[in-house]
There are 2 protein chains.
Amino acid sequence: MTIRYPVAPPTLADVAERAGVSRQTVSNAINNPDLLRADTLTRVQEAIDELGYSPNRAARNLRTRASHLIGLKFSPAQEGTANAAMDRFVHSLVETAGGAGYHILLFAVGEEDDEALRGYDDLLRSTAVDAFIVTDTYLGNPQATWLRQRRAPFVAFGRPWDDDAADHPWVDVDGAAGVDLATTHLLDRGHERIAWIGWRKDSRIGEDRRSGWTRAMHGRHLSTTGLASRTEDTVSSGREASAVLLDEASPSAFVCASDTLAMGVLHTLRDRGLQPGQDISVVGFDDSQVAQVIQPGLTSVRQPLEEVAVEVVRALEGLLGHPPVVSPGVLLTPTLAVRETG
Amino acid sequence: MTIRYPVAPPTLADVAERAGVSRQTVSNAINNPDLLRADTLTRVQEAIDELGYSPNRAARNLRTRASHLIGLKFSPAQEGTANAAMDRFVHSLVETAGGAGYHILLFAVGEEDDEALRGYDDLLRSTAVDAFIVTDTYLGNPQATWLRQRRAPFVAFGRPWDDDAADHPWVDVDGAAGVDLATTHLLDRGHERIAWIGWRKDSRIGEDRRSGWTRAMHGRHLSTTGLASRTEDTVSSGREASAVLLDEASPSAFVCASDTLAMGVLHTLRDRGLQPGQDISVVGFDDSQVAQVIQPGLTSVRQPLEEVAVEVVRALEGLLGHPPVVSPGVLLTPTLAVRETG
DNA sequence: CACGAGGGTTGGAACGATCAAGCGGGGAGG
DNA sequence: CCTCCCCGCTTGATCGTTCCAACCCTCGTG
C-alpha cells in the first residue's frame, strides 16, 4: 500500500511572491499588522488565504527561541481511589492555554527523583517547552526546588507552603475554606459532634483542610477532642478509621479529606445498617465522579479547577512576557456540592 | 523582581570545538554512533556530558521536517457518568510514546465540526505535529474522514466500523468478546435469565457489545427476547430501564454496556431492597474508579488500555518510518474484573 | 530647492541542526 | 604501480522564519 504525503506546505516566500511583496512584509502582516498600509495588508491576507498558509512552527521556534509549549507531567488517577482532579484540570488547562496560544505537552518521568529531574531537564535543555506546570507541590518537592535553582519558568498548582525561598507564581485552592464550608453546612443542619478523617500529619494539604474543620467547630465553641483521625488515603483506611470513631466518639457526621476516605465511611455505615444522610452525615472532598453517581449522592467539596486553569495560564503569560512578570500567589475558594449524604 | 534566565544552552558547535571535531561528527555521535571510531565517540560523549548538551529541538525539527509530537484531542470524562477511560489511556500513551521518542501534544477544539477540523488543520499545516491519535471513531466521524482525505498520518483508537474507504491503522478492544466473557461468567454461576442494558441502536460500539451478550446466550440455547433494553448512557436511564426489565422480564442478572448504566441498575436494586450479587447480579463495562470503590464492588469488563497504547505507538512508528508502513488493524481482548456484584 | 523625518519595504544574516558532497589515507585488487 | 573503494571525518549549503540595518519614497519644513 502506498502513501502519498501531502505536498510541501507553502512558505512565507510563496505568499510573498503571490502578493508581490517581500518576506518581511508578510511576516509583519502576521505579527505586526499595524505596520502595514491597509491595502497591502488585505492583499497579503488574500494570498495567505488562497494558499492556506500557516507559519512553520519549527522555523519560528528556532528564530524566536520559544516553542509555545507548556510541559505538564501527567499523573493518572490512582486505581482504587476516587481521585479524579487531574482529568478535569487538564481539560480546562488545555482549553484555556489554547486560547492564549499555548499547547500542553505531556510527559512521563521515572519514579526516582533523579530520573524525574532528568525528564524536566531534557525538555528544558532541548528548548522543547517554554515553561512547566507543576502540580504536586508537597513540601520539599524536588522538582519545584530544582526548577527554581535552574531559573526555569514554571507555575505551580499548589502553594509552596512554608518554603520561604519560593518566588514562583502559584495558584491553589483554599482547602481550609472548603472544609470550613462543609463543616458549617453540617453545623447549620444541627450537627454538633462532627468527626474529621484526614491524612497523616506530614501532609500539608491534609493539615490545611483539617484546620478548616477545627476553625468551624471552635467558631461554634464545640470541642474537637477525640473526633479526629489521621490515616492513609485509601477506602479501607477510611472504613477502619470511621468504625473506630463511631465506637469511641459517637459522632453524628463525618467530614473527610477526600472522597476516597468518605467512601470508606459509607462502607462502615453500610456494615452497621446506618443510613447515610439520615442517621449519619458524610461529606467528602473533590466532587469526584464517584460522589456524583453513587446512591445516595455524596456531598463533597468541589475545587474550582476551571478557574485554577485560568489563573495558571494568566501567571504563565506573565512569566513568558517581555519583560517577565512574576504574579503573586492566587488562592481560590471551593464550593460545596450538596447531595443526599449531608 | 528581576528574573535571571539561564545562560544560552550549548550548541552542536560548542561541543564540536571542545571535542576537537566538526559539527557533523557530533551530530553523527548522537544520531549514528556506529559511524564513528570508538575513541572519537567517547571523546565527543565526554564533551557532551561536560557541557550538558541536548540538541535544540526547533533546529532539528526544522531540518528534518518532523516534530516528534503526536496530537491528541483531549476529551475529559463527562460529569455525572462513570466513564474514565481517557485518563488511564492517556497515561499509558504518554509513557509508551515517551519510550519511542515521542511526546503527546494536547489540544482542544470547538464543538462545531468545522471548528474541530480547523483545529486539526492548523496543527498540521504549521507542522506542529507529525501525526494524530483519534479516539472517537463513530461511523462517519468527520475528523477521521477529513484526515484521510488530507493524507495526514493518524492512528485510531476504535475501529472504522463499516467504513470501507478506511485504510488507516487502528487499534480497538473487542467489546463483544468482553461482554461474552461477562455473560459466560454469569452463565457459569447458574444464571439463565440475563438481561442486557445498552445504548441506542445507532451506536456501533453499543451494538458490538450487545452482540457479545446474544452470542453467549444463544451459545447456551437461551432466549434473549424481552431481556434487552437500549437507552442513553446516564445513571437515571439505567435505573429506569432496569426497573422496567425487572417488572416485565424478571431477570436474575444484568449485563450493561457501561459502568454508568450499571450504577443505575444498582440504584434500582437499592430502591427495591434487593442485594446486588446475592439476589441479582450486575456487571458493568470499563472498570472505572466507581466500580472499584463502591460497596459491594462492581464486577466490570476491563479494557487493556496499556496494551492499546503500546499498539497505537507501534502503528505510529510504522506510519512515520521510512518507508511508511500502514499496519493492519489490531483487536485486543478485554478481561473481567470480578467483584461482589457478579 | 535642499533637507530631515518617518512610514513602508527590502535584502542579508542568523537561529542550530542535518543533508550532501568531498577529502585524504590506507588497503585490496588488477 | 595504478586504480578503486571504503572509512572516518570535514566543509558548505539548507530548512523557514524573524531580526537588523539600510533603502526608497513622500511629505512637511526651513
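Just so we're on the same page: letters track the sequence lines, and every chain starts at 1. For clarity, every value in this text was computed on a predicted model and none was experimentally measured.
Both B:Arg63 and B:Ser22 lie close to DNA chain D; mapped to their nearest nucleotides by heavy-atom distance, the more 5′-ward contact belongs to B:Ser22.
Annotation: side chain of B:Leu320 is in contact with side chain of B:Ile70 (closest heavy-atom distance under 4.5 Å).
Considering every non-hydrogen atom in both B:Ala100 and B:Val313, the closest pair reads CB-CG1, 3.9 Å.
A straight line from CG of B:Asn28 to P of C:dC19 spans 9 Å, rounded to a whole angstrom. Straight-line distance from the CG atom of B:Leu62 to the P atom of C:dC15: 14 Å, rounded to whole Å. Atom CD1 in B:Ile30 sits roughly 6 Å away from atom P in C:dT18 (whole-Å rounding). As rounded to whole Å, 14 Å separates atom P of C:dG8 from atom CD of A:Gln24. Distance, B:Arg65 CZ to C:dA17 P: 18 Å, rounded to whole Å. Following rounding to the nearest Å, B:Asn56 (CG) and C:dT18 (C1') show an atom-to-atom distance of 13 Å. Rounded to an integer number of Å, the gap from CZ of A:Arg23 to C1' of C:dT9 is 12 Å. Taking atom CG of B:Leu12 as the reference point, atom C1' of C:dA17 lies 7 Å away to the nearest angstrom.
In terms of phosphate contacts, B:Thr64 brings no side-chain nitrogen or oxygen within less than 4.0 Å of OP1 or OP2 of C:dA17. Distances shown here put a side-chain N or O of B:Ser27 below 4.0 Å from the OP1 or OP2 atom of C:dT18.
Within residues 33-54 of chain A, the residues approached by DNA chain C to less than 4.0 Å at the level of any non-hydrogen atom are A:Leu35, A:Leu36, A:Arg37, A:Thr40, in residue-number order.
First and last contacts of DNA chain D with chain A, using any nucleotide atom under 4.0 Å from a protein heavy atom and ordered 5' to 3', fall at D:dG16 to D:dC20.
For the 3.5 Å distance criterion, the side chains of A:Ser67 and A:Asn61 fail to qualify, holding no donor opposite an acceptor. In the model, B:Thr127 has no side-chain atom that pairs as donor or acceptor with a side-chain atom of A:Arg57 under 3.5 Å.
Salt-bridge formation is detected for the pair B:Glu306/B:Arg88: a Lys NZ or Arg NE/NH1/NH2 atom is positioned less than 4.0 Å from an Asp or Glu carboxylate oxygen. Under a 4.0 Å N-O distance rule, the pair A:Glu115/A:Arg118 does not qualify as a salt bridge.
Counting any heavy atom pair closer than 4.0 Å across all strands shown, B:Asn31 reaches sugar-phosphate atoms only and no base atom.
Atoms CG and CZ, on A:Leu36 and A:Arg43 in that order, are 10.0 Å from each other to the nearest 0.5 Å. Here the CD atom belonging to B:Gln24 is positioned 9.0 Å from the CG atom belonging to B:Leu35, to the nearest 0.5 angstrom.
Among residues at least two apart or in separate chains, ring pair (Phe, Tyr, Trp, His ring centres under 6.0 Å) pairs with a member in residues 108-132 of chain A are A:Phe107-A:Tyr120, A:Phe107-A:Phe132, A:Tyr120-A:Phe132.
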